[in-house]
Amino acid sequence: MSESRIAQPALKDATDRVRAVAEAQYEFLWRSLRRLGVAASDVEDAAQQALIVLMRRIDSIQPGSEPAFLFGTAMRLAQESRKRYATARARADRANVEPVHEPQADPEQLLDQQRARQALDRVLDDLPMELRAVFVLADLEEMTMARVAEVLAIPAGTVASRLRRARELFAQRAAAVKAQLAGVGDDR
Amino acid sequence: MTSDEFVRALLDSAKRDVAPPGARARAMTALHSALTTTGGTVMLKLLIGVVLVVGATGVGVAALARRDDAAPIASKQARPTPSSESHVAIVSTARPALAQSLRRMDRLSSPLPAASNGKSCSTWGHPVRMVVENQLAVPIDLFWMSYDCEEVPAAHGLIEAGATYEGLSFDTAPFRVRDRRSHRLIKEIAPMSPDPDTARIIVDGSQAPIDGPPLVCSTEPTRDQVRLIVNARSTPIEALWIDYRCNEVSYGEIEPGEERELDTYNTHPWRFRDLATNELLEDVAPEPIDEWKEWKITIP
C-alpha cells in the first residue's frame, strides 16, 4: 500500500496543476488556435484537444512552461487543421464543386470588423507557420521578443529575424489582398 | 484607405478574438471528465502493482533471511564498484511467470518517483558479486548510483555488445544501464541480495525505455540534418522534438508503416511515443557532427 500512498498526492498535484493551467491559459489557447489558422467553428474542439494533450504530458512539462507547451500544441493542431482543410478543398475540386466565392467588399468597407477579420485570416494563411507563430505572439499577443523566444524555445536573434521577415511578408500579402478587394469592388 | 491603415485595420480586428461565452466552462467540464478517467486508470495500475508485490513476498523474505545470515560487513570504508542484481533477473531464473509479471510491473510503475526522479542512492551494505551480460547489438554504459545519488561510471563505463562484466559490489547499490550512443536509459537495477548463483543481470532489449524528463535538451545547431522515421508498429506514433528547455513539442503523428522525413538539426534530440497510450518508445539523441546526414530510425 505504500506505493499508492506515495503516488496519490503526486496524482492529485498533477490533476490540480492541469486544472489550474487550463483555467488560466484557456483564453490564450483559444486566441492562439484561432490566429494560427484553425477555423472559428473548430477552435473550441481544438482547444479541448490541446487540453487533453496537456493532461497526458503534464509530468514532462516544466512548471512555467505550460503556455509554451500549449502554444506548441496549438501550432500542431493548426497545421493538421489546415492539412484537413486543404484535403477537403482538393476533394471538392476533384468533384468539380463550385469554388466558394469570396465575399465582395472594398477596402473602405473593411472597417467592418468581421470582414477585416476574414481578410486577416487570408493574409495570415499566406505566412509559413514558423513566421506566423512569431508574428502572432509578437504583434497580436504583443509579447516582448524575449518572451516570444521563451515561448517558442528559439534564440532571440532568430525571433528578431523571423519577425522582420513575417512583417515584410504580412505587408506584401496585405497589399495584395487590399488590391484584390479593391478590384472586386471596381467590378461591381 | 492607405496601406498602413489597411494593415492597422487587420491587426485591430484580431483584438476581438475571444472565446465565446461558456467555452471555457465546457472545456473545464470535459477536462474534469478526462482527469477522473485517467485517475481511475492509474489507481488500477497501482492496485495491480500492489498485488504483484504481495505475490513476490516469498522472494523478498528469502532474500532478507540470506542477508541476516551474511557475515558482518567487511569493509564499510570501501565504496562499491560494479555490481548488484535486479529483482527481475533474480526471479527470472527461479520463477519465470513471476519475472514476467514483475517486468510488466516495471513498465506500469515507470512514471512513479523511484524510476523517474533519478535519485536512487547507495547506502552501506554487504559485498555481493555481480554479473552484467550485454545481449544487445550495441555497447552500453554501466553506472553505479553513488551515495550522493550521482551516476558514476562502473566497469570502466563500457560493456561492449555481447560482452559480460563480472565484479564485486554491495547489496545496497543500485545501478543504471544506458545506451552508449544515445545515452538513453535502458534499465534501472535495484539493489540485490547476495546470491552468487542467480546474480546475473541480462540486458537484452526487452526493457522498454524508462520514461521521465528528457536526458538532453536541444542546443543551438550548427548543421541541418534529416531523420527518416519508419513506424514499424501497428499503431500510430507521435514525433516529439525536445526543445531548448527540454519540453516535448509535438511534430505530428506517424501512421503504422509510414516513413516520415523530419527536417532537424545536429543538436536536436527527439522522442517517439505511442499515440494512444503515450508510452515512450524511443529516445533519439542528437548526432552532433558538423555535416549534413540522413539517419534512418525504425521504431519497432
Side-chain angles (χ1 to χ4, degrees), chain A residues 1 3-4 6-8 10-12 15 18-19 22-23 26-27 30-31 34-35 43-44 47-48 51-53 55-57 59-62 65 68-69 72-73 75-76 79-80 107-108 110-111 113-120 123 136 139-140 150 152-155 170-171 174-175 177-178, chain B residues 1-7 9-20 23-24 26-28 30-32 34-36 38-39 42-43 45-47 49-50 53 109 111-114 116 211-214 217-218 220 238 240-241 243-253 271 273 278:
Chain A
M1 292 301 291
E3 278 190 323
S4 60
I6 292 169
Q8 265 180 332
L11 182 65
K12 186 176 182 306
T15 305
V18 170
R19 286 204 178 97
E23 190 73 45
Y26 186 80
E27 284 291 337
W30 197 97
R31 284 196 307 271
R34 181 72 188 92
R35 292 168 175 179
V43 172
E44 195 171 329
Q48 290 197 10
L51 292 178
I52 297 299
V53 176
M55 182 191 77
R56 281 165 44 202
R57 300 280 162 70
D59 289 337
S60 62
I61 304 169
Q62 291 180 7
S65 299
F69 177 83
T73 306
M75 285 173 67
R76 178 174 71 82
Q79 279 172 322
E80 286 177 3
E108 300 298 332
L110 279 178
L111 290 174
Q113 286 294 333
Q114 193 177 356
R115 289 182 177 177
R117 189 63 187 77
Q118 288 170 353
L120 177 65
V123 175
V136 164
D139 283 5
L140 300 183
E150 200 181 321
L152 294 177
I154 56 178
F170 186 89
V177 169
K178 179 173 178 283
Chain B
M1 179 185 279
T2 67
S3 292
D4 285 348
E5 286 170 339
F6 183 75
V7 167
L10 295 184
L11 296 179
D12 283 347
S13 72
K15 289 180 179 165
R16 298 191 180 183
D17 286 339
V18 289
R24 184 205 300 254
R26 285 191 290 275
M28 293 307 292
L31 190 61
H32 175 76
L35 284 168
T36 308
T38 304
V42 170
M43 291 310 296
K45 287 179 176 179
L46 287 171
L47 186 62
V50 169
V53 167
S109 60
L112 295 178
S116 62
D211 209 341
C217 309
S218 286
E220 195 63 25
E238 186 167 21
L240 297 151
W241 169 54
D243 72 12
Y244 293 84
R245 286 191 312 270
C246 267
N247 290 318
E248 295 180 3
V249 179
S250 178
Y251 268 69
E253 304 165 15
R271 277 186 156 182
R273 291 184 181 275
N278 203 35

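Below, chain A is the first sequence line, B the second, and so on; all start at residue 1.
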Fill in: Contact summary for B:Leu10 and A:Ala116, nearest pair of heavy atoms
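Minimum heavy-atom separation between B:Leu10 and A:Ala116: CD2-O, 3.4 Å.
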
Quick one: closest heavy-atom pair of B:Arg245 and B:Cys217, and the distance?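 Scanning both residues completely, I find the closest heavy atoms to be C-SG, 4.0 Å.
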
Main-chain N/O of A:Arg56 paired with B:Asn278 side-chain donor or acceptor, under 3.5 Å:
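Side chain of B:Asn278 to backbone of A:Arg56, a donor-acceptor pair under 3.5 Å: yes, one is there.
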
Heavy-atom proximity to chain B below 4.5 Å, by part of [X]:
X	answer
A:Leu140	side chain
A:Gln48	side chain
A:Ser60	both
A:Ala174	both
A:Val43	neither
A:Arg76	side chain

Quick check on the interface: out of [options], who has the most heavy-atom pairs with chain A under 4.5 Å?
options	result
B:Pro20, B:Gly252, B:Ala14	B:Ala14
B:Val249, B:Asn247, B:Val7	B:Asn247
B:Asp4, B:Asp12, B:Leu11	B:Leu11

**OP:** Take A:Arg117 and B:Asp17 through the test side chain to side chain contact (heavy atoms under 4.5 Å, CB included) and record every step on the way to the result.
**Re:** CA-CA 9 Å; A:Arg117 189 63 187 77; B:Asp17 286 339; 2.8 Å; yes

Discussion item. Determine whether B:Leu240 and A:Arg57 satisfy the following criterion, side chain to side chain contact (heavy atoms under 4.5 Å, CB included), listing intermediate values before the conclusion.
Written reply: CA-CA 11 Å; B:Leu240 297 151; A:Arg57 300 280 162 70; 3.4 Å; yes

Q | Residues which pass side chain to side chain contact (heavy atoms under 4.5 Å, CB included) with A:Glu27, listed by chain and number, not counting sequence neighbours | A |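 Here the qualifying residues are A:Arg31, B:Val18, B:Ala19, B:Arg24.
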
Applying ring-ring contact (aromatic ring centres under 6.0 Å, His included), name anything that partners B:Tyr244, two or more places apart in sequence or on another chain.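 Partners of B:Tyr244 under the ring-ring contact (aromatic ring centres under 6.0 Å, His included) test: B:Trp241, B:His268.
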
Non-hydrogen atoms of chain A under 4.5 Å away: do they reach the side chain of B:Arg273, the backbone, both or neither?
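Side chain of B:Arg273 only, per the 4.5 Å heavy-atom cut-off to chain A.
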
